[in-house]
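Single-structure report; data block below.
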Amino acid sequence: MENFTYCTPTKYVFGRDAELQAGTEARKSLMTKVLITYGHGSVVRSGLLDRVKKSLSDAGVEYIELGGIDPNPTDPKVREGIELCRNNNVDGLVAVGGGSVIDTAKAIAAGVPYPGDFWDFWAGKAIVETALPVGVVLTIPAAGSEGSGNSVITLLDGMHKISLRTEKALRPVWSLMNPELTFTLPPYQTASGIADMMAHIFERYFTNTPAVEITDRVAEGVLKAIIEEAPKVMERPDDYDARANIMWAGTLAHNGICGTGRKEDWVSHFMEHEVSAVYGVTHGAGLAVILPAWMTFMANHHPEKVAQFGRRVMGVMSHDDATAAMEAVMSLKAFFGSLGLPVTFAGLGIDKPDIDLLVKKLHENKGNIIGGYYQLGPEQTKEIYQLAL
Ligand code: NZQ
Ligand code: ZN
C-alpha cells in the first residue's frame, strides 16, 4: 500500500427533508448572501428550489440565482456567475442539482477571489488556494461532485472538457442528500448515474499497487451493492431504501475512500470526456460505452485485475485470467444493457464517431501517454475507441 492523505471535510446531511436544512447549514458556514445555481427547471417543477429559498430566507440568508446550467457545463455560465457574485457581494454558493450544477458552482467559487481568468486553474496555470464555500442540495446520484474536490468544465473555445481535481479547496462544505428528491429522475438519468458511480470505483480499483486488500474489498462491496440495488430503482423509482442506497453509493464511489493507498487509472473518464465534449452525450451513458471497450483491451493485454473483478463481483468462474476477464466484460455489458444503457457508439446515437478527432483531443488534453493500470499511447486509445463501435 502507498502512503496517502485522505481529506473529506464535507458534512453530509442524509435523509428525508434534508434540503430544509439549507438555511441553517448556510448560516453555520458563515454565508450571509449566496448564489443559488440550478439547471433547466427540474428543481423548479418539483418545488425544491422554492423550499431551499424558503429555508435560506427563514435563516436570514439572502440569495440571488443563476439557472439554466446545461449538462456538461461550459465556461460562459461560470463567467456569468463570477460577475454576479462580485457585483452582489456574494459570500457563498448553494448548488441545487447534479454534477453539472455543482461543478459550475465550484468553478464560480474558485473564480470569484482570483484576479486572473478562472480557466487558469483548469489549464494547469494556477492552483486553487482559496474559494468561496459551496453547499449542495443533491438531486441525482451520479457524478459524486457532492463529495469530491473536482469540477469538470468544458471550454467552448476548442471544446476542451477538463476535470480539475483539488484535494480540499473545492470540496463542498455541506451536502444535503434527500433520496426522495431522486424519485423524479428519468430512467435514463438514473441508469447513467449508476454507470458513472461504478466507473468512479473502477478508475480506482484497476491499479497495480500491491497489498490494497482493504480498498479492493470496499470497492467490490460497493459495486456489488450497486448491482443489487440498481434493478430496484429502475423498477420502482419511488423505492426509498433502494434510492437511498444508490445515493450513498454515488458519494462513496467518488469521495476518495476507494482510492486510498493506491495509484488510480482514470483513462476511461478521460476518453469519455472527449466523447461528451464533442457529441454532448450524457457522461454516464458515454462511460457505459467506453468502460467495456477499455476492459476488453485490458482482457487482452493486462487481464489480472479485470479477472479479479469478474470473479469477486460478477460471479465469473473461469480460472484462466484472460477468459475470466472477457467473461467479466460480457456480464458488465449485459448489466448495463439491462438498465437500458447503450454499450456501443451506435447505441449512443453516434453512428460514425470521428475517432481520429477524439484521439487527437484526448492526447492534447491529457498527454501522449496516459493510464495508471496500463500505459496507453494514441495507437492504443484509438484501438479502444474502435472496440466501442
Ligand atoms: O437541468 P435539469 O432540469 O435540472 O435536469 C437535469 C439534467 O437534465 C436532470 N435532473 C437532475 N436531477 C433531477 C433531474 N431530473 C429530474 N429529477 C431530478 N431529481 O438530469 C440531467 C443531468 O444532470 P447533470 O447535473 O448533468 O447530471 P450528473 O450529476 O450526471 O453530472 C454530469 C456532469 O458531471 C461531470 C460530468 O462530466 C458531467 O459534466 N462529472 C463531475 C465529476 C466531479 N465533479 O467530481 C466527476 C464525474 O466523473 C463527472 O465527470
Ligand atoms: Zn464520472
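As the structure is a prediction and not an experimental result, all values here were calculated from the model. Note that ligands are numbered from 1 as they come in the structure, with each ligand's atoms numbered from 1 the same way.
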Considering only non-hydrogen protein atoms, determine which one is nearest to atom 41 (C) of ligand 1 and report residue, atom name and distance to 0.1 Å. D103 OD2, 3.1 Å

For atom 21 (C) of ligand 1, which of the options Q189, E203, H40 provides the nearest non-hydrogen atom? Q189

K54, NZ atom: more than 12 neighbouring heavy atoms under 6.0 Å: no

Which heavy atom of the protein is the closest neighbour of atom 15 (N) of ligand 1, given with residue, atom name and distance? S42 CB, 3.6 Å

Just checking, is any N or O donor in the side chain of N255 or T8 under 3.5 Å from an acceptor N or O on the other one? no

Taking the six-membered ring of F118, is the NZ or CZ of R79 close enough (under 6.0 Å from the centre) and on axis enough (within 45°)? no

Considering non-hydrogen atoms of the protein only, which is the closest contact for atom 33 (C) of ligand 1, and what is the distance? S100 OG, 3.5 Å

Within 45° of the ring axis of Y205 and under 6.0 Å from its six-membered ring centre, is that where the NZ or CZ of K305 lies? yes

Rounded to 10 degrees, the angle NE2 of H283 makes with OD1 of D196 at the Zn ion (ligand 2): 90°

CE (M234) with more than 12 external heavy atoms under 6.0 Å: yes

Please determine which of N365, T154, N72 meets the side-chain hydrogen bond (donor to acceptor under 3.5 Å, both in side chains) test together with K161. N72

Residue, atom name and distance, where the atom is the protein heavy atom closest to atom 29 (O) of ligand 1: G99 N, 2.7 Å

I102, portion touching ligand 1 at heavy-atom distance under 4.0 Å: neither

Should one rank K161, H269, R45, H273 by closest heavy-atom distance to atom 50 (O) of ligand 1, which comes out on top? H273

Which protein heavy atom lies closest to atom 8 (O) of ligand 1, and at what distance to 0.1 Å? P71 CG, 3.9 Å

